Amino acid sequence: MQIGYKLAAEGYGPAELVRQAVLAERAGFDFVEISDHYHPWLDNQGHSPFAWSVLGAIAARTERIGLATGVTCPTVRYHPAIIAQAAATLALLSEGRFTLGVGSGERLNEHVVGRGFPDSVRVRHEMLREALEIIRLLWQGGYRSYEGRHLRLEDARVFDLPSSPPLLAVAAGGEQAARIAAELGDGLFATEAREDLVRHYRDAGGGGPRYVEVPMAWAPDEATAVRAALETSRWALTGWKVMSELPNPVNFAAASATVREEDIREHFACGPEPARYIEVVRPFVDAGYDRLVMQNAGPDPDGFIEFFRTELDDRIRSLHPAG
């Protein structure tokens, strides 16, 4: 098992995210993961820096900790040739510590370039498949071309390649995406404690690491933690079918207006009690995930990182799947 720290790029500016990553390395986290967004989920989160610049700065400021995108969409806002180049560069700068997490994207971020975002999930999956094939092709070296139904590549070459390509983890919210992860990726990425996603991934031949984000909100008291999560992270309870479709933060504010404090308490580990965190982590471990990302929605990142170091690290690492 490895434990990661989620860099909340929607809640903090770039310099602060780098500082948190350095602190996470000192606290014993195995990797940091950052979302690759153009917009935050809610306007009151207030930030959304360019993830690739932040990761480059983290690579220069750290020595041991792994780096990952969680996740990048390589089909609309970016062409996959650009992501192949960016990932190869980051793998070199981090000396092999980088994992490229990819997914089919959300309208929130992809519509901004004016090319539209496909309404059909089937088309999004087709585009993701083609993007992964292009990335893999470019990582082989040499000049490459590709003619797909949705994406094309013409005489492109990534000149600076690492000796081994980055690990490629593919996000899945259903069976089809889990199969893509098995067929074209090196690992699985998820946001729910769903055993069926792991099962579909394994049934399709997937044998790599399984990443998942675990919702938490640390504060010295439970009430403060709940209020902070409700204010900035209530969007997480809208469900993936909503999260992938809405175009702007104002839409997420409206869609999550009915989320209550009780809902936050049910889904998040809130407050200062380690037992509640273990209770929330346990279903993710039982479902078969072995890369657990601590996603703190509380108001004090330093306090949470210290809480992890002193109270959670050993407890979580001692967990094993039931049965």
Side-chain angles (χ1 to χ4, degrees), residues 1-2 4 6 31 33-37 41 51 66 68-78 80 83 87 99-110 117-136 150-151 165-215 235-246 267 281 283-295 321:
M1 177 190 294
Q2 292 187 14
K6 180 64 180 279
F31 63 96
E33 175 219 309
I34 187 170
S35 54
D36 186 356
H37 277 209
W41 299 100
T69 50
V71 293
T72 288
C73 176
T75 60
V76 180
R77 182 167 42 113
Y78 303 122
I83 297 305
T99 293
L100 175 60
V102 297
S104 56
E106 304 100 8
R107 195 177 304 275
L108 173 71
N109 305 298
E110 305 309 313
F117 187 63
D119 293 325
S120 166
V121 173
R122 176 187 57 79
V123 171
R124 296 176 201 174
H125 286 164
E126 289 176 358
M127 294 177 70
L128 181 60
R129 277 186 175 275
E130 291 185 5
L132 295 177
E133 289 173 355
I134 288 171
I135 291 169
R136 292 288 196 198
H150 307 282
L151 299 170
L167 187 143
L168 185 53
V170 180
E175 179 177 356
Q176 291 303 338
R179 290 186 174 277
I180 294 173
E183 294 167 15
L184 293 171
D186 304 306
L188 177 71
F189 193 101
T191 59
E192 301 173 274
R194 289 176 52 186
E195 181 276 334
D196 65 307
L197 295 179
V198 174
R199 175 165 39 83
H200 291 313
Y201 173 67
R202 286 173 167 161
D203 287 349
R210 285 88 59 199
Y211 292 80
V212 71
E213 297 177 346
V214 185
W235 53 267
L237 275 64
T238 60
W240 186 248
K241 289 186 177 180
V242 173
M243 291 167 61
S244 63
E245 299 300 339
L246 299 183
H267 289 87
V281 168
F284 293 89
V285 175
D286 289 346
Y289 296 95
D290 62 357
R291 300 291 188 273
L292 307 179
V293 184
M294 310 291 101
Q295 186 172 16

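Values in this document were obtained by computation on a predicted structure and should not be read as measured data. Sequence positions, counted from 1, serve as the residue numbers for this chain.
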> Might you point out which heavy atoms bring P118 and V123 nearest each other, and give the distance in Å?
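Nearest pair, atom of P118 first, then V123: CB-CG1, 3.8 Å.
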> Taking all atoms of both residues into account, what is the closest heavy-atom pair of A181 and G187, and its distance?
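Residues A181 and G187, closest heavy atoms: CB-O, 3.8 Å.
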> How many angstroms lie between atom CD1 of I134 and atom CG of L151, to the nearest 0.5 angstrom?
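Those atoms lie 5.0 Å apart.
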> Please examine the side chains of I135 and P74, heavy atoms only from C-beta on, and report whether any two atoms are closer than 4.5 Å.
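Touching, per the 4.5 Å side-chain cut-off.
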> Could you walk me through whether L168 and V102 pass the side chain to side chain contact (heavy atoms under 4.5 Å, CB included) test, one step at a time?
CA-CA 7 Å; L168 185 53; V102 297; 4.0 Å; yes
> Does anything in residues 183-215 form a ring pair (Phe, Tyr, Trp, His ring centres under 6.0 Å)? List the pairs, not counting sequence neighbours.
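Only F31-Y211 qualify under ring pair (Phe, Tyr, Trp, His ring centres under 6.0 Å).
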> Side-chain contact test, heavy atoms from C-beta onward, threshold under 4.5 Å: evaluate it for M243 versus T191 and give yes or no.
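The answer is no; the side chains never approach within 4.5 Å.
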> List the steps and the verdict of side chain to side chain contact (heavy atoms under 4.5 Å, CB included) for L128 and V170.
CA-CA 9 Å; L128 181 60; V170 180; 4.1 Å; yes
> Under a 4.5 Å cut-off applied to non-hydrogen side-chain atoms, are L292 and M1 in contact?
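A side-chain contact under 4.5 Å exists here.
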> About how many Å separate CZ of R202 and CZ of R210, when rounded to the nearest 0.5 Å?
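Those atoms lie 4.0 Å apart.
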> Between the side chain of E130 and the main-chain N/O of H150, is any donor-acceptor distance below 3.5 Å?
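It does hold such a pair.
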> Strictly distance-based, threshold 3.5 Å: is any side-chain N or O of R77 a donor or acceptor partner for the main-chain N or O of E110?
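Answer holds: no.
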> Within this structure, what is the CZ-CE distance for the pair F117 and M127, rounded to the nearest 0.5 Å?
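Rounded to the nearest 0.5 Å, the CZ-CE separation comes to 8.5 Å.
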> If you compare all heavy atoms of G206 against all heavy atoms of A182, which two are closest, and at what distance to 0.1 Å?
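Closest pair (atom of G206, atom of A182, distance): N-CB, 3.5 Å.
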> Could R179 and E175 be called an ion pair, given the rule that one side-chain N must be under 4.0 Å from one carboxylate O?
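E175 and R179: salt-bridged.
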> How far does NE2 of H125 sit from CD of Q176, to the nearest 0.5 angstrom?
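Going from the NE2 atom of H125 to the CD atom of Q176 covers 7.5 Å.
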> Among residues at least two apart in sequence or on other chains, which ones pass side chain to side chain contact (heavy atoms under 4.5 Å, CB included) with S35?
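With neighbours one apart ignored, the set is K6, A9, E10, H37.
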> Can a donor-acceptor pair be found, under 3.5 Å and without considering hydrogens, that links the side chain of R129 to the backbone of I180?
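Not at all, since once roles are kept as given, no pair shorter than 3.5 Å links the two residues.
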> Determine the minimum heavy-atom distance between K241 and E245, stating which atoms define it.
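Answer, listing the atom of K241 first, then E245: O-CG, 3.0 Å.
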> Verify side chain to side chain contact (heavy atoms under 4.5 Å, CB included) between W235 and L246, making sure each step is shown before the conclusion.
CA-CA 11 Å; W235 53 267; L246 299 183; over 6 Å; no
> Indicate the atoms forming the closest heavy-atom contact of A171 with A177, along with that distance.
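Looks like O-CB, 3.7 Å.
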> Do E183 and R136 meet the salt-bridge criterion of a basic N to acidic O distance under 4.0 Å?
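Salt bridge absent between R136 and E183.
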> How long is the straight-line distance from CG of L188 back to CZ of R291, given to the nearest 0.5 Å?
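Answer rounded to 0.5 Å: 12.0 Å.
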> Decide side chain to side chain contact (heavy atoms under 4.5 Å, CB included) for M294 and V214; before the verdict, give the C-alpha distance in whole Å, the side-chain angles of both, and the deciding distance to 0.1 Å.
CA-CA 5 Å; M294 310 291 101; V214 185; 4.2 Å; yes
> To the nearest 0.5 angstrom, please state how far the CZ atom of F284 sits from the CD atom of E195.
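One gets 14.0 Å once the value is rounded to the nearest 0.5 Å.
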> So, does R124 use its side chain to make a donor-acceptor pair with the main chain of E106 at under 3.5 Å?
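The answer is no, because no donor-acceptor pair under 3.5 Å joins these two groups.
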> If you take all heavy atoms of A172 and A178, which pair is closest and at what distance?
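Looks like CB-N, 3.5 Å.
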> What I'd like to find out is whether the side chain of V212 reaches to under 4.5 Å of the side chain of L197, using heavy atoms alone.
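Answer no - side chains too far apart.
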